[in-house]
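Side chains included, hydrogens not; waters and symmetry mates left out as well; all remaining heavy atoms used. As the structure lists them, so they are numbered: ligands from 1, and atoms in each ligand from 1. These numbers come from a predicted model, not from an experiment.
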Amino acid sequence: MATKDTLTVTDNRTGKTYELAVKDGCIRTADLRQIKVDEKDFGLMGYDPAFLNTANCRSAITFIDGDKGILEYRGYPIEQLAEKSSFLEVAYLLLNGELPTKQEIDEFTYIITHHTYVHENIKSFMDGFRYDAHPMSMLASTVAALSSFYPDAKNIKDRTTRRIQMMRLIAKMPTIAAFSYRHSMGLPYVYPDNELSYVGNYLAMIRKIGTATYKPNPILERALDVLFILHADHEQNCSTTATRIVGSSQVDPYSAVTAGITALYGPLHGGANEAVLRMLREIGHVSRVPEFIKQVKSGEGEKKLMGFGHRVYKSYDPRAKVIKQQADKVFEVTGKNPLLDIATELERIALQDDYFVKRKLYPNVDFYSGLIYEAMGFPAEMFPVLFAIPRTVGWVAQWEEMVLDEEQKIARPRQVYTGHPRRDYAPMEKRTSGARP
Ligand code: SDX
């Protein structure tokens with residue numbers, strides 16, 4: 001029988017049938033609007049809270065197969081990039097679609113290296129935060145403030161202007177992140193060092209105290225470079241979607257990326273790496289793992305096994321595998337993080353416990369990363385910042401793809417109205433105490 005790429009639906013309210021085109025495994029939800037009970041009917045909409053089954057865009061940047069645990073950047077498997085590439089080379093790939101030639105990566109590296117400084121006023125801006133301000137809050141506020149330093153960033157349709165803002169964001173994120181760390185430690189800011197690599201420079205701006213130069217440990221520098229590769233992009237996750245949605249109003253990229261930072265801050269997203277460490281500290285000892293698992297399964301206190309589960313991966317997150325390998329290399333330098341035993345015992349029990357198996361809950365990118373960051377001397381509050389730095393590449397690459405996508409326009413979803421039907425204004429004497437949501 002000849003098959004057609006269409007869906008035939010029958011509206012049982014009217015007996016009418018409709019043929020909807022199927023392309024790339026999707027129907028256009030707008031095609032549902034023709035399905036009406038009468039001419040006054042608005043027509044059918046799709047209802048999909050939290051977008052569990054909705055494609056918001058067409059993208060060529062990152063591919064994920066959640067069932068097979070596959071992650072590819074521009075077609076290259078994440079495992080190969082983690083083993084053979086560098087973060088700036090992966091950044092070039094995500095932004096431009098191809099791996100760079102020697103000349104291209106040298107030019108790209110030069111541009112990034114020479115845009116790491118921030119305006120001196122940024123320092124006084126950051127000095128206004130309390131000593132105990134969360135670095136993600138400082139990062140989001142300061143990146144938002146950057147848009148006031150580059151008013152021409154609003155010209156998002158001009159490629160040259162657009163691209164220089166994207167380079168500035170990638171280059172300055174480590175500087176602002178390091179400044180937020182130094183501020184919280186009461187230490188003087190360390191200026192970028194153009195002689196160091198992207199990651200080495202970040203480590204120097206974090207660690208340098210009282211010395212003219214700083215030489216990062218090459219094993220730690222490489223481990224963080226690999227972690228940055230793993231965190232660079234992840235298709236339409238919560239923070240990237242926030243960046244795209246805010247960017248769809250044609251605001252400048254600094255403001256759009258601020259939306260990404262604040263979305264990433266949440267404990268269900270990039271804030272999970274910080275929550276994992278707090279969870280491991282709360283468990284405190286391997287012997288208390290069974291009790292904790294029991295509390296999670298019983299729903300007691302709405303406890304979750306942080307660092308487990310994923311909206312897309314219904315198998316082991318391929319990034320978690322690579323991170324676990326990196327942990328062994330880091331611990332050879334720093335000494336093993338004692339919380340690792342609790343983490344591996346949690347994983348061992350969860351991977352065989354029906355509650356987690358049935359819900360296809362596996363370790364995700366955030367489960368082991370915090371152990372590495374803590375072993376490298378970062379406080380837990382800095383963990384989501386260490387996620388935001390590399391994810392800036394994904395945010396700006398996806399933002400630019402949205403800007404250039406002729407199908408895209410300002411994002412403005414509809415709703416299912418569940419409120420009061422129309423009613424007249426009530427005079428005071430006729431009112432009763434208001435209902436509370
Ligand atoms: C990231 O989207 C991305 O790509 C994100 C990311 C990226 O690179 O951008 O990969 C980075 O954010 C990774 C996820 C980090 N977050 C956490 O580790 C927090 C803990 N995980 C959960 O909150 C949860 O798994 C989510 C938020 C990650 C996914 O949530 P979903 O897809 O909405 O799944 P759900 O909440 O509907 O859970 C389905 C079931 C529920 O049980 P039932 O109601 O069916 O009985 O699984 C349970 C949930 O209660 N469940 C968990 C759990 N995660 C889900 N139970 C215990 N512990 C967990 N971690």
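- For a threshold of 3.5 Å applied to N or O pairs, the pair formed by K314 and ligand 1 contains no separation below that value.
- Note that atom 14 (C) of ligand 1 has protein non-hydrogen atoms nearby, at separations under 4.0 angstrom.
- Distance check for atom 18 (O) of ligand 1: a protein heavy atom is found below 4.0 Å.
- Given atom 49 (C) of ligand 1, the protein heavy atom at minimum distance is K304 NZ, 4.3 Å.
- For Y198 and F87, the ring centers sit closer than 6.0 Å to each other.
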Review point. Stepwise, does the salt bridge (Lys or Arg N to Asp or Glu O under 4.0 Å) test hold for D67 with K360?
Key: CA-CA 10 Å; D67 292 330; K360 298 186 177 179; 5.1 Å; no
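- A salt bridge between R278 and E381 is present, with a side-chain N of the basic residue lying under 4.0 Å from a carboxylate O of the acidic one.
- In this structure, atom 32 (O) of ligand 1 has protein heavy atoms in its sub-4.0 angstrom surroundings.
- Nearest protein heavy-atom neighbour of atom 47 (O) of ligand 1: R359 CD, 3.4 Å.
- Taking any N or O of D317, backbone or side chain, none lies under 3.5 Å from an N or O belonging to ligand 1.
- Close approach of ligand 1 to A272 (heavy-atom distance below 4.0 Å) involves ligand atoms 15 (C), 16 (N), 17 (C), 18 (O).
- Short contacts between ligand 1 and G307, defined as distances under 4.0 Å to a heavy atom of the residue, involve ligand atoms 17 (C), 18 (O).
- Within the 4.0 Å heavy-atom cutoff, R391 counts among the residues contacting ligand 1.
- Under a 4.0 Å heavy-atom criterion, Y355 is in contact with ligand 1.
- Salt-bridge annotation for E98 and R74: absent, with no side-chain N of the basic residue lying under 4.0 Å from a carboxylate O of the acidic one.
- Distance from atom 28 (C) of ligand 1 to its nearest protein heavy atom, with residue and atom name: G309 O, 3.6 Å.
- Numbered from 1 in the order shown, with element, the atoms of ligand 1 that lie under 4.0 Å from a heavy atom of V296 read 57 (C).
- For an aromatic pair to be called close, the ring centres must be under 6.0 Å apart, and Y313 with H234 satisfies this.
- Ring-plane geometry between Y202 and F228 is classed as tilted, the angle between the planes lying from 30 to 60 degrees on a 0 to 90 degree scale.
- The shortest N or O to N or O distance between F387 and ligand 1 is not under 3.5 Å.
- At the shortest separation from atom 55 (C) of ligand 1 among protein heavy atoms lies L361 CD2, 3.6 Å.
- Heavy-atom contacts of N237 reach the following atoms of ligand 1: 2 (O), 3 (C), 4 (O), 5 (C), 9 (O) (cutoff under 4.0 Å).
- Considering backbone and side-chain N/O atoms, F356 never comes within less than 3.5 Å of an N/O atom of ligand 1.
- A cation-pi arrangement is present between R207 and F378, with the terminal nitrogen or guanidinium carbon under 6.0 Å from the aromatic centre and inside a 45° cone about the axis.
- For atom 21 (N) of ligand 1, the closest non-hydrogen atom of the protein is F308 O, 2.9 Å.
- Residue-to-ligand polar distances keep M306 apart from ligand 1: every N/O pair is separated by 3.5 Å or more.
- Residue H310 has at least one heavy-atom neighbour below 4.0 Å for each of these atoms of ligand 1: 2 (O), 3 (C), 4 (O), 5 (C), 6 (C), 10 (O), 13 (C), 25 (O), 28 (C).
- In terms of polar-atom proximity, defined here as any N/O pair under 3.5 Å, K303 makes no such contact with ligand 1.
- The protein heavy atom nearest to atom 12 (O) of ligand 1 is H269 ND1, 2.9 Å.
- The nearest non-hydrogen atom to atom 59 (C) of ligand 1, considering only L305, I64, L264, comes from L305.
- Heavy-atom contacts of R311 reach the following atoms of ligand 1: 29 (C), 31 (P), 32 (O), 33 (O) (cutoff under 4.0 Å).
- By the 30° and 60° cut-offs, the orientation of the rings of F149 relative to H119 is tilted.
- Under a cut-off of 6.0 angstrom, the local environment of CZ in R33 is crowded, with over 12 non-hydrogen atoms contributed by other residues, nucleotides or ligands.
- Per-atom contact check: atom 35 (P) of ligand 1 does not touch the protein, criterion being a heavy-atom distance below 4.0 Å.
- Ring geometry for Y191 against Y117 counts as parallel: the plane angle stays under 30°, on a 0 to 90° scale with 60° as the upper cut.
- For the pair R288 and E291, the salt-bridge criterion is not met [side-chain N within less than 4.0 Å of a carboxylate O].
- You'll find the ring centres of H183 and Y189 outside the 6.0 Å limit.
- Listed for the R244 side chain is no donor-acceptor partner under 3.5 Å among the backbone atoms of W399.
- Counting only heavy atoms, the protein never gets under 4.0 Å from atom 39 (C) of ligand 1.
- D158 places no side-chain N or O within 3.5 Å of a backbone atom of N155 that could act as its donor or acceptor partner.
- Under a 4.0 angstrom heavy-atom cut-off, K297 registers as lying outside contact with ligand 1.
- Contact annotation for atom 2 (O) of ligand 1: protein present (non-hydrogen atoms, distance under 4.0 Å).
- The nearest protein atom to atom 4 (O) of ligand 1, hydrogens excluded, is given as H234 ND1, 2.6 Å; this is a heavy-atom distance.
- Under 4.0 Å from ligand 1, not a single heavy atom of H231 appears.
- Note on ligand 1: L268 sits in its first shell, one or more heavy atoms being nearer than 4.0 Å.
- In this structure, atom 43 (P) of ligand 1 has a protein heavy-atom contact shorter than 4.0 Å.
- Below 30°, between 30° and 60°, or above 60°: for F387 and H231 the angle between ring planes is above 60°, a perpendicular geometry.
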